[in-house]
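Scroll down for the structure; my scribbles are underneath it.
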Amino acid sequence: GTTYRMFRSNGLTPEQRAQAMELLKAYRACTVKPVDHLAVRANARRRSAVPNPVSALKMVRESLWTDAGKFDLPLCQAIRRAVCARRTSIVNRWLSRVQLNHVPDGQPFFFFPLHYEPEISLATQGRGWTRQLELIKVISAALPIDRWLYVKEHPSMPSGIRPMGFYDELARLSRVRILRQDLTSDDIVPRAEAVLTITGTAGWEAMMFGRPVILFGHSFY
């Protein structure tokens with residue numbers, strides 16, 4: 001953060017600006033697909049849709065693998081998340097009826113990528129905006145009548161973890177559409193009129209693509 005603020009105040013030298021433009025050019029030309037996101041989605045597809053209550057240790061192992069060691073969980077929470085994660089295929093089957101498989105051409109929209117939960121940056125830097133569904137409702141109510149808000153699940157978040165009612169309420173909101181989870185940000189961000197996020201790095205990606213960002217929390221960028 002200190003280095004970023006220094007560059008913001010002092011500006012870049014011609015050599016640094018040339019290097020930055022080369023970085024932007026390379027970033028915009030490639031498809032960014034973090035390998036851990038792909039691994040999580042593949043693992044979620046392999047899971048049985050029906051929890052097996054007698055294999056608690058296996059479910060704990062799957063839960064901890066899914067969360068990739070991002071945080072420590074009490075045993076009861078690990079088992080609960082593992083059970084919920086096994087609903088992924090059921091939830092995805094329901095979502096397939098209400099989600100978009102691609103970004104429609106010629107339709108102006110804003111983009112809100114959901115945060116992974118629980119997430120330390122959301123909890124500590126969200127400036128109170130920790131309930132994503134409530135924030136999306138606020139944004140939806142403020143949208144211009146000719147604009148849409150596209151929402152997409154975080155790539156590392158198995159869709160079975162969140163309550164089913166979360167997606168149900170999203171689908172019922174006026175001017176809100178749910179995008180398929182495996183769409184990549186470089187398919188969406190460059191076409192969005194603006195990206196709205198609490199603390200997510202999607203805002204940084206938007207800046208790299210020259211798109212406006214509305215940030216509700218705190219972030220280094």
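When hydrophobic clusters are built by joining Ile, Leu, Val, Met, Phe, Trp and Tyr residues whose side-chain heavy atoms come closer than 4.5 Å, directly or via intermediates, Val138 is not grouped with Leu149. A continuous path of Ile, Leu, Val, Met, Phe, Trp and Tyr side chains, each step under 4.5 Å between heavy atoms, connects Leu173 with Val151, placing both in one hydrophobic cluster. Note on Phe216: it does not cluster hydrophobically with Met207, by side-chain heavy-atom contacts below 4.5 Å among ILVMFWY residues. Leu100 is not connected to Leu170 by any chain of hydrophobic side-chain contacts under 4.5 Å among Ile, Leu, Val, Met, Phe, Trp and Tyr, and they are in different clusters. Under the 4.5 Å side-chain heavy-atom criterion for ILVMFWY residues, a single connected hydrophobic cluster contains both Leu114 and Trp94.
Partners of Arg17 by salt bridge (charged side-chain N to carboxylate O under 4.0 Å, His left out), not counting sequence neighbours: none found. Looking at residues two or more places apart in sequence or on another chain, you find no salt bridge (charged side-chain N to carboxylate O under 4.0 Å, His left out) involving Arg97.
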Yes or no on salt bridge (Lys or Arg N to Asp or Glu O under 4.0 Å) for Glu22 and Lys25, after CA distance, side-chain angles and deciding distance?
CA-CA 5 Å; Glu22 285 298 317; Lys25 183 179 178 180; 5.2 Å; no

Can you check side-chain contact (heavy atoms from CB on, under 4.5 Å) on Ile161 and Met157, steps first, answer last?
CA-CA 7 Å; Ile161 293 291; Met157 190 79 178; 3.5 Å; yes

Glu193 and Phe111: side-chain contact (heavy atoms from CB on, under 4.5 Å), yes or no, with the steps?
CA-CA 8 Å; Glu193 290 196 344; Phe111 178 47; over 6 Å; no

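Contact annotation: the side chain of Val176 never approaches that of Trp148 to less than 4.5 Å [non-hydrogen atoms, C-beta and beyond]. Under the 4.5 Å side-chain criterion, counting only non-hydrogen atoms from C-beta, Ile214 is not in contact with Val195. Side chains of Met164 and Val91 form a contact here, defined as non-hydrogen atoms less than 4.5 Å apart. In this structure, the side chains of Lys137 and Leu133 come closer than 4.5 Å at one or more pairs of heavy atoms. A 4.5 Å side-chain heavy-atom check between Val189 and Arg211 finds at least one atom pair inside the cut-off. Within the 4.5 Å cutoff, the side chain of Phe209 has no heavy atoms near those of the Leu24 side chain. For the pair Ser96/Asn92, no side-chain contact is recorded, criterion being any heavy-atom separation below 4.5 Å from C-beta on. Under the 4.5 Å side-chain criterion, counting only non-hydrogen atoms from C-beta, Phe110 is in contact with Arg147.
Annotation: cation-pi pair Arg162/Phe166 present, NZ/CZ under 6.0 Å from the ring centroid and within 45° of its normal.
The backbone N or O of Ile136 lies less than 3.5 Å from no partner atom in the side chain of Ser140, so there is not a single donor-acceptor pair. Judged purely by atom type and a 3.5 angstrom limit, Gln16 uses its side chain to pair as donor or acceptor with the backbone of Thr13. Panel note: side chain Lys152, backbone Leu183; a donor-acceptor pair is recorded below 3.5 Å. Judged by distance alone, with hydrogens and angles left aside, the side-chain atoms of Thr197 form a donor-acceptor pair with the main-chain N or O of Gly200 at under 3.5 Å. Listed for the Arg175 side chain is a donor-acceptor partner under 3.5 Å among the backbone atoms of Ile145. Looking only at distances, no side-chain donor or acceptor of His115 sits under 3.5 Å from a matching main-chain atom of Leu122.
Ring geometry for Tyr116 against His154 counts as perpendicular: the plane angle is over 60°, on a 0 to 90° scale with 30° as the lower cut.
Taking all atoms of both residues into account, the shortest heavy-atom contact from Ala206 to Val213 is CB-CG2, 3.6 Å.
Annotation: side-chain hydrogen bond (donor to acceptor under 3.5 Å, both in side chains) contacts involving residues 99-112, sequence neighbours excluded, comprise Asp105-Arg191, Gln107-Tyr150.
Rounding to the nearest 0.5 Å gives a distance of 8.0 Å between CG of Leu143 and OG of Ser174.
With 3.5 Å as the limit, one finds a donor-acceptor pair spanning the side chains of Glu205 and Ser185.
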